[in-house]
Amino acid sequence: MDGWPRTEAEALAVQAGIRERADAVGPGPEGVRLIAGVDVAYQVEGERVAAAVVVLDAGTLEVVEQATAVGEAKFPYVPGLLAFREIPPVLDAMAGLSRRPDLLVCDGYGYAHPRRVGLAVHLGVLLDLPCFGVAKSPFLYRHGELGPERGATAALTDGEEVVGRAVRTRAGVKPVYVSVGHRVGLAEACAYTLALTAGGFRLPESTRRADRACRDALSRG
DNA sequence: GCGACAG
DNA sequence: ATCTTGTCGC
């Protein structure tokens, strides 16, 4: 990672450029066969980080391939600048894949971001791959009530603007927060989220697998 | 200015 | 994110 930002000011400038390159949420990719989950784990004290990309068969949700990478964190955690901390190790892991996924699912936000350049937008643009994010908390945003059944949704808003959707992936359990990243529409991202949680867990199978993989990689290597 | 704040 | 065992519940 050569010209990676080192200061917040540099990161903000990079974000502005990424936002300009972000694809205006079109209809999305056709014939998606490979869906990849992305996640990063950190070590308590040190700078060590581990990233994992796990590729699933879109039809069966079985793991097709996975790659991990361990290294040193190159940016601190700053709300709104999470991408600068997570992307370097993720790109390293991506380089280890033999096949290019058709769609990426990130653990965090995309468009639902103070400047509309969350992790899923940033990663999608850099790799030029369809990408969206699924977060576990609403961050700065709000949403109305949604039914208790699996599949219920409510708009996630920032003032008047809809930035994503709260999606109940499991009956009676706290919803997940889906937002668009790059080259995928919100409705489609939500549909993929439900398909990826058909197994009964709150989080997408893709991020569950990636979460486990990067933790293992961190504890071993 | 102060606190809150995806992971 | 991470520090953390057992435990209550379907």
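Below, all heavy atoms of this structure are taken into account, side chains as well, without hydrogens, waters or symmetry copies. Below, chains carry the letters A, B, ... as their sequence lines are ordered, and counting in each starts from 1.
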Q) Once each nucleotide of nucleotides 1-7 of chain B is scored for protein heavy atoms under 4.0 Å, what B/S/- sequence comes out, 5' to 3'? A) ----BBB
Q) Does a donor on one side chain sit under 3.5 Å from an acceptor on the other, for A:Thr197 and A:Arg150? A) yes
(Q) Without decimals, in angstroms, what is the distance between A:Leu218 CG and C:dA1 P? (A) 13 Å
**Q.** Output field: ring centroids A:His143/A:Tyr177 closer than 6.0 Å
**A.** yes
(Q) Nearest whole Å is fine: how far is C:dT2 P from A:Arg48 CZ? (A) 14 Å
Q: Would you confirm whether the ring centroid of A:Phe84 sits within less than 6.0 angstrom of the ring centroid of A:Trp4?
A: yes
Q: Inspect the contact between A:Arg170 and A:Glu149 and indicate whether a charged nitrogen and a carboxylate oxygen are less than 4.0 angstrom apart.
A: no
Q: Send over the distance from A:Lys74 NZ to C:dA1 C1', rounded to a whole Å.
A: 19 Å
Q: Treating Ile, Leu, Val, Met, Phe, Trp and Tyr as nodes and any side-chain heavy-atom pair under 4.5 angstrom as an edge, say whether A:Leu97 and A:Val90 lie in one connected cluster.
A: yes
